Amino acid sequence: MTGKDNIRVRFAPSPTGGLHPGNARIAVFNWLFAQHEKTKGNNAKYILRMEDTDEERSTAEHESSILEDLKWLGITWDEGPFRQSDRTKRYREVADVLFNKGFLYRCYCTEEECAQERAAQIKASKPPRYSGKCKKLTNEQKIDNDKNKTPYTLRFDVEKFINDINDGNDQLSYHDLIKNREATSMMSNPLKVIGDFVVIKQSGTPTYNFAVVVDDIDMKITHVFRGEDHVSNTFRQLMIFIALDVKGGDLPKYGHLPMLLAPDKTKLSKRSGGVPIHEYKEMGFLAEAMFNHLALLGGGIKGVEETDNKNTLAKAFDYKDTASSACVYDIEKLKHINTKIIQKLNEEDVFRLLTSDLNLNDNWKKYYSRELFAKIISLAKNGARLLTDVIGTIKIFTAGRSDDLPLNERASLDFKPEQKAIVDYLHKEFVVSKKQLSGPTWKETKEKIISLGVLSGGKLFKTLRLILTERTDGPPLDEIMLLINNDVVVERIKKARQIEG
RNA sequence: GUCCCCAUCGUCUAGCGGUCUAGGACAUGGCCCUCUCAAGGCUAAAACACGGGUUCGAUUCCCGUUGGGGACGCCA
């Protein structure tokens, strides 16, 4: 790990939930960093690691959901995914080393005891932390406990670290790549506020802080970019590293990114967009837009347009430009980026995305050739902000009687008595006489309807739009009518007549 | 409660001691385009949290106040 030639970063989510914008941003950031180094010729590697040490909450479903969402975002990894649950033996091995060095001791306290202890400390306005009472157990007590097979955890002896390694110094420092702009400034934390923390649980599995260190050593991680919520863990992890004789330039470099906030400056919630990434896909967002938005949040990239692709972003990326203050996750900005990108896309791209991301159904095949449908997509794409907007417009062309547009209710409300004449006319000509309404004959029909003199201008067009598309919005009627299948509009005329009653 | 971090328009940000009457983007208002909704074009309004220093000069450096965030688990 000495030379900086082989940069190795990792994204290490825990499969206790989906990939949320907060996590995803970390994934993007690390990817951007590795990719930036790669473009500079560095043999950088991006490692994916599942931190599934929480046996109760980790699930295979979450894991595959995270993996899928990463792939969708276009985040590729060079090694992994590794799973911490596969490495229990290795953690025990390293724990033994630490134990033999005297940095770990057995704690026989129950969870309830610890919780009570903490509660009492908070009540007494003291920092809640483990008292270390099991460290003071007499040999007889220890032997007794072991004879009774009392379950125990292994705790890290912070005091020993301070005295034996840190020369009695209570402060531990490191240079944070993001929080410390100056090369010489440091993050430091008094160690005394950190209680002796658990390293191996009663179940024999490692805690997060321990597994991370063992993995980061074994996987030769050089740079750790993660959320700000991990700063205090960094000091715990640093202690373990150093107790394990990994120090100085052999330690990974750390950079902590500020948290993503909801518009009300609180934690990102479901309502404020803190949902798994695939839900964004379902809402009609493009992977590229999502990636772009996440990459641009909190600075980090200069002189780049909002709609540039991943590699352009990676090239311009510099972790030193990242803001050190928290930022609000703004879905409106995402929508804007999405709009820009959709507008740049060609018809084939849109068709492909509609099929892959939104499971576009085959309804259209009943009415249109692929060539004709291409024209419809081009029309629908125009001005669309989300992919679901495109789907919405496509429904104008394909929705039959059984389709899910609930607009007949709205139509019944909007139809006024004077519009009856128009519906009657359309019904007579195109339902009873079975004339062709859509396509090249539309212009002629339109003239005739105007000559009826019932309605004119905007009112006329709005009425026609409502009858023929069952919607109040959409592309210009003339363009719709040129492309739409006759059967679809005839169905709608019938329906309009029924609604009129 | 204790410890750590942060602070420029509503939001994301540019700014790294004079170029700041503080720039851009999103959102918002107005106008144009238009049968509608969008998209697009033009335009307007909108910020250096506060108080002390340092300095000839602070948005920029230091300290404090306030406000916000994070951490203090056999969760990660």
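These numbers were taken from a predicted model, which means no experiment stands behind them. Hydrogens, waters and symmetry mates are skipped; everything else that's a heavy atom, side chains included, is used. So you know, we letter chains A, B, ... as the sequences are listed, proteins then strands, and number each from 1.
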Spacing of the C1' atoms in C63(B) and A46(B) (rounded, Å) | 31 Å

Watson-Crick or G-U counterpart of C35(B), or none if no pair lies under 3.5 Å = none

At under 4.0 Å between heavy atoms, what does Arg181(A) touch on the DNA or RNA strands: base, sugar-phosphate, or nothing?
-> nothing

Quick note, Asn189(A) side chain, CB onward, closest among C3(B), A39(B), A76(B) is C3(B)

Indicate whether OP1 or OP2 belonging to A76(B) is found under 4.0 Å from a side-chain N or O atom of Thr53(A).
-> yes

With sugar-phosphate meaning primed atoms plus P, OP1 and OP2, does Asn233(A) contact a base, only sugar-phosphate, or nothing at under 4.0 Å between heavy atoms?
-> base

Determine: side-chain N/O of Lys340(A) to OP1/OP2 of G40(B), distance under 4.0 Å, yes or no.
-> yes

According to a strict under-4.0 Å criterion, is Arg465(A) in side-chain N/O contact with OP1 or OP2 of C37(B)?
-> no

Looking at CD1 of Ile217(A) and CD of Gln237(A), how far apart are the two atoms once the value is rounded to the nearest 0.5 Å?
-> 10.5 Å

For Ile467(A) and C35(B), give me the distance from atom CD1 to atom C1', rounded to whole Å.
-> 13 Å

Under-3.5 Å donor-acceptor pair between Asn382(A) side chain and A38(B) base = no

Flag the pair Asp478(A) and Lys446(A) as a salt bridge only when some basic side-chain nitrogen lies within less than 4.0 angstrom of an acidic carboxylate oxygen.
-> yes

Can you figure out which of G69(B), C74(B), A71(B) approaches the side chain of Arg155(A) most closely?
-> C74(B)

If pairing means Watson-Crick or G-U wobble with both distances under 3.5 Å, then the partner of U55(B) is none

Row check, Tyr130(A) ring normal vs Arg155(A) NZ/CZ: under 6.0 Å, within 45° | yes

Whole-Å distance between A27(B) P and His336(A) NE2?
-> 6 Å

Partner nucleotide, any strand, of A71(B) [Watson-Crick/G-U, under 3.5 Å] = U2(B)

Inter-nucleotide P distance (G73(B), G67(B)), Å rounded | 26 Å

With heavy atoms under 4.0 Å as the rule, sort Arg236(A) into base, sugar-phosphate or nothing.
-> sugar-phosphate

For Arg385(A) and A27(B), is the shortest distance between a side-chain N/O and OP1 or OP2 below 4.0 Å?
-> yes

Salt bridge or not for Lys179(A) and Glu228(A), using N-O below 4.0 Å?
-> yes

Sugar-phosphate, base or nothing in reach of Glu111(A), heavy atoms under 4.0 Å | base

Any strand, both distances under 3.5 Å, Watson-Crick or G-U wobble: A49(B) pairs with U65(B)

For the rings on His20(A) and Tyr329(A), is their centre-to-centre separation under 6.0 Å?
-> no

Residue mapping more 5' on RNA chain B - nearest nucleotide basis, Asp229(A) or Asp52(A) | Asp229(A)

At under 4.0 Å between heavy atoms, what does Pro475(A) touch on the DNA or RNA strands: base, sugar-phosphate, or nothing?
-> base

Taking only the side-chain nitrogens and oxygens of Lys265(A), find out if one of them lies under 4.0 Å from OP1 or OP2 of U11(B).
-> yes

Just call it for Gly474(A): base, sugar-phosphate, or nothing, with non-hydrogen atoms closer than 4.0 Å on any strand.
-> base

Classify the nucleic acid contact of Cys109(A) as base, sugar-phosphate or nothing, counting any heavy atom under 4.0 Å across all strands shown.
-> base

If you look at every strand shown and take non-hydrogen atoms under 4.0 Å, does Ser188(A) touch a base, only sugar-phosphate, or nothing?
-> sugar-phosphate

Side chain Lys333(A) and base A27(B) donor-acceptor under 3.5 Å = no

What nucleotide, of A76(B), C12(B), C4(B), holds the atom closest to the side chain of Cys327(A)?
-> C12(B)

Applying a 3.5 Å limit to both distances, which nucleotide forms a Watson-Crick or G-U wobble pair with U28(B)?
-> A44(B)

When you compare C5(B) with C48(B), how far apart are their P atoms, in angstrom units rounded to a whole number?
-> 26 Å

Give a yes or no on whether a salt bridge exists between Arg129(A) and Glu117(A), defined as a side-chain N under 4.0 angstrom from a carboxylate O.
-> no

With sugar-phosphate meaning primed atoms plus P, OP1 and OP2, does Pro258(A) contact a base, only sugar-phosphate, or nothing at under 4.0 Å between heavy atoms?
-> nothing

Looking at C72(B), does its base get a donor-acceptor pair with the side chain of Arg129(A) below 3.5 Å?
-> no

Tell me which nucleotide among U11(B), C74(B), C35(B) gets nearest to the side chain of Val198(A).
-> C74(B)

Before accepting this row, confirm whether a basic side-chain N of the pair Lys192(A)/Glu159(A) lies closer than 4.0 Å to the acidic partner's carboxylate O.
-> no

Would you indicate which nucleotide in A76(B), C5(B), A7(B) comes nearest to any side-chain atom of Met187(A)?
-> C5(B)

Centroid separation Tyr319(A) to Phe225(A) less than 6.0 Å = yes

Just call it for Pro190(A): base, sugar-phosphate, or nothing, with non-hydrogen atoms closer than 4.0 Å on any strand.
-> sugar-phosphate

Picking from C37(B), A39(B), C72(B), the nucleotide nearest the side-chain atoms of Asp473(A) would be C37(B)

Select one nucleotide: of C74(B), U11(B), C72(B), the one nearest the side-chain heavy atoms of Val328(A).
-> U11(B)

Closer than 4.0 Å, any side-chain N/O of Lys201(A) to the OP1 or OP2 of C75(B)?
-> yes

Looking only at side-chain atoms of Pro476(A), point me to the closest of U36(B), C5(B), A76(B).
-> U36(B)

Which value, in whole Å, describes the distance between the P atoms of nucleotides C31(B) and A71(B)?
-> 48 Å

Using a 4.0 Å heavy-atom cut-off across all strands, classify Thr153(A) as base, sugar-phosphate, or nothing.
-> base

Remember a base hit wins even if backbone is also touched, and classify Leu477(A) as base, sugar-phosphate or nothing at under 4.0 Å, heavy atoms.
-> base

Can you tell me how far C1' in A27(B) sits from the matching atom in G15(B), rounded to whole Å?
-> 23 Å

Check whether any side-chain nitrogen or oxygen of Arg471(A) sits under 4.0 Å from OP1 or OP2 of C35(B), and answer yes or no.
-> no

Among C35(B), U2(B), A76(B), the one nearest Pro127(A) by side-chain distance = U2(B)

Using the P atom in both, what is the distance from G10(B) to A49(B), to the nearest Å?
-> 11 Å

Any chance you could measure Leu73(A), atom CG, to Leu294(A), atom CG, to the nearest 0.5 Å?
-> 7.0 Å

A44(B) to G52(B) separation - C1' atoms, rounded to the nearest Å | 38 Å

Are the ring centres of Phe235(A) and Tyr174(A) closer than 6.0 Å?
-> yes

Residue Thr207(A), side-chain heavy atoms: nucleotide from C74(B), C26(B), G69(B) that is nearest = C74(B)

Taking for each residue the nucleotide of RNA chain B bearing the nearest heavy atom, is the 5' side occupied by Glu332(A) or by Lys267(A)?
-> Glu332(A)

